[in-house]
Amino acid sequence: MNRYPVWKYAIIVIVLLVGLIYALPNFFGEAPAVQVSSAKSTVKVDDSTRTRVEAALKAGNLQPDLLTLDGSSVRARFITTDDQLKARDVLQHALVPDPSDPPYVVALNLVSRSPHWLTALHAFPMYLGLDLRGGVHFMLQVDMKGALDKKAETLASDLRQTLRDRSIRGTSVSRNGQTVEVRFRDQPSLEATQRIIQDQFADLAATASQEGNEWRLTASFKPEAARRLQDAALKQNITTLHNRINELGVAEPVIQQQGVDRIVVQLPGVQDTAKAKDILGRTATLELRMVDESAEARAAETGSGPVPFGSEKFQERDGRPVIVKKQVIITGENLSDAQPGFDQQTQQPKVDLTVDAKGGRIMRDISRDNIGKRMAILLFEKGKGEVLTAPAIRGELGTRFQISGSMNVVEANDLALLLRAGSLAAPMEIIEESTIGPSLGADNIEKGFKSVAYGFLAIMIFMCAYYALFGLFSSIALAVNLLLLVAILSMLQATLTLPGIAAMALAIGVAIDSNVLINERVREELRNGASPQAAIHAGYDRAWNTILDSNVTTLIAGIALLAFGSGPVRGFAVVHCIGIVTSMFSAVFFSRGLVNFWYGRKKKLKGVSIGTVWRPDTAAVADNK
């Protein structure tokens, strides 16, 4: 009756083993480390960077405890902080020869002390949030009006060019805030322009009016188009902030939307507020220029002559010099979009570029006169320029053209990302900032850990005293619940915050409630005269419906918090929901496995150790056999 088949015990053992492996990294603590990340959008961190870091440390007589390539950064772990500081100086000297133009950021960091075999299994500790580790917090306000004004200016320029191409004369196109106004001398021109806006400018809704002998067409953004443009601007700003914050070497930055026009940025472990504000507000610009292919320029590229007058010397991403003319053809303000793809004829990776009407007109004129010559796309960051690519012009260009040639799929994706996210889509300003010190974070961790530990200890003492051996089984199940909760959070690489610790403490109470229902149900069956084996079987079966109902209703509330909450509320909701799921496994499936293992083998069971069973017709009976 009360026996689990072997496969159920196998499931319990496997779950416990997996949970233990993925929870273990959280108990090893953190070690001092040095992190090397890219300081420029055009500099990639890969295996070659890791090799350079390893060689530099070896030359400096420093042996890291662990050296890993983690995503977009190289991390070297050390045993002492003295070695960490020495390693930073060695790597700074080796990787950043010119401090005014650093290709890499060498930053101090903390990494887990987990042994290599755990890391090889992809078992990593949870990230600690701002309130537990310390760092800086920013609230940024995105100027949505500025984004729509910029888009309206682009559409006005495009419409002006389209009317010129269609030979619709006697018109005057201007932008007034977020609307585009067109004035006409005759009604046929008005009607032709209405058809053009309806066919080619789907984001605009136009209304016509007449003032004397003059007709006017006022075009404004459709509500759904305005929302879409605002969402796109916000997402591009978040992408750009992600790219920039990589410089700070933050292990797990939090960059998320709050409301319709605000972005929250949390940087755990960063104490230099001025440095963070400088990076968040940094501007990056794109420029398209012609490559100087004269004999003097060729000599300057090889270093055998000076740079010709009216030209400048830059470097490509692979370090090769390129002589570029100073005259700027178009800038990133004219670039509307950049998407990777494949050439239909050659099946080679490409990047499709879209520019506005003004940029298309300039590109058409320039390309017509320079077919076969090279055009360079430059990215300027911190006042320093670098050539992203310098392809040859193969034909007359317009508002849409492509870059293809010697690039693979990864390089095409990277180039498109750089072209799209080189600058912010809408202006931002910092409206709130705060700094949390590391000592306060450590104090929060200690208090949070104590609250969970003391709560668990108090519940365990009560359960053992009131339910005897069944109370011990319930306490073990509660410990398994905490183990699985920590393991799942670690597997998800979730960020633990103070509200998350509060949710852990709450999960203890929610989980033990299920065991209380089971124990009381078993007592009730014993009180009604059922045999011990029948009481155990009926207790678990009849308590299951109540446990399921209560946990589902609680889970619904947690999902609502997760769906509609933000910030700390979502952190609480994530831990709360996972805790409910793990409690159903530990309180019912695991605890019954313990009970079945202990009592299920006994055929003639006379009693169970579940504390005092009060019978209404007799005195209290203590079944503690």
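Values reported hereafter were calculated over all heavy atoms of this structure, with side chains retained and with hydrogens, waters and symmetry mates removed. Along the sequence shown, residues carry numbers from 1.
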Strictly below 4.0 Å, N to O, side chains only: are [X] and [Y] in salt-bridge contact?
| X | Y | result |
| --- | --- | --- |
| D149 | K145 | yes |
| R228 | E224 | no |
| R183 | E214 | yes |
| R216 | E211 | yes |
| D443 | K447 | yes |
| R289 | E287 | yes |

Please check: side-chain N/O of [X] versus main-chain N/O of [Y], any donor-acceptor pairing under 3.5 Å?
| X | Y | answer |
| --- | --- | --- |
| R175 | G177 | yes |
| N26 | S490 | no |
| Q339 | G341 | no |
| T399 | G360 | no |
| Q35 | R75 | no |

When you compare the side chain of [Y] with that of [X], does any pair of heavy atoms fall below 4.5 Å?
| X | Y | result |
| --- | --- | --- |
| M428 | L241 | yes |
| I578 | L492 | yes |
| L163 | I196 | yes |
| M126 | V486 | yes |
| W215 | V182 | no |
| I329 | M290 | yes |
| Y104 | V45 | yes |
| H576 | T554 | yes |

Look up atom [atom1] in [X] and atom [atom2] in [Y], then write down how far apart they are to the nearest 0.5 Å.
| X | Y | atom1 | atom2 | value |
| --- | --- | --- | --- | --- |
| Q200 | T162 | CD | OG1 | 5.5 Å |
| L217 | E181 | CG | CD | 10.0 Å |
| T497 | L132 | OG1 | CG | 6.5 Å |
| I330 | I362 | CD1 | CD1 | 7.0 Å |
| R400 | M363 | CZ | CE | 14.0 Å |
| D203 | L155 | CG | CG | 6.5 Å |

How close do [X] and [Y] get, counting heavy atoms only, and between which atoms?
| X | Y | answer |
| --- | --- | --- |
| F572 | A502 | CE1-C, 4.2 Å |
| A206 | I197 | CB-CD1, 4.2 Å |
| A376 | V387 | CB-CG1, 4.3 Å |
| A156 | V173 | O-CG1, 3.7 Å |
| L234 | V260 | CD2-O, 3.8 Å |
| A87 | V34 | CB-CG2, 4.0 Å |

Near [X] [atom1], under 6.0 Å, is it more than 12 heavy atoms from other residues, nucleotides or ligands?
| X | atom1 | result |
| --- | --- | --- |
| R364 | CZ | yes |
| E432 | CD | yes |
| K222 | NZ | yes |

Margin query: What verdict does the side-chain contact (heavy atoms from CB on, under 4.5 Å) test give for T119 and F124, after you've listed the backbone C-alpha separation in whole Å, the side-chain angles of each residue and the deciding distance to 0.1 Å?
Written below: CA-CA 6 Å; T119 307; F124 303 104; 3.6 Å; yes
Next item on the list: List the steps, then state whether side-chain contact (heavy atoms from CB on, under 4.5 Å) holds for M375 with I366.
Entry: CA-CA 10 Å; M375 179 183 291; I366 293 294; 4.2 Å; yes
Notebook entry, point to check: Is it true that the side chains of D261 and Q230 contain a donor and an acceptor less than 3.5 Å apart?
Noted result: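 Note: D261 and Q230 side chains miss the donor-acceptor criterion.
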Item checked: Full working for side-chain contact (heavy atoms from CB on, under 4.5 Å) between L555 and C577 -> CA-CA 6 Å; L555 187 61; C577 291; 3.9 Å; yes
Next item on the list: Please step through side-chain contact (heavy atoms from CB on, under 4.5 Å) for the pair L69 and T49, ending with a clear verdict.
Entry: CA-CA 9 Å; L69 174 61; T49 311; over 6 Å; no
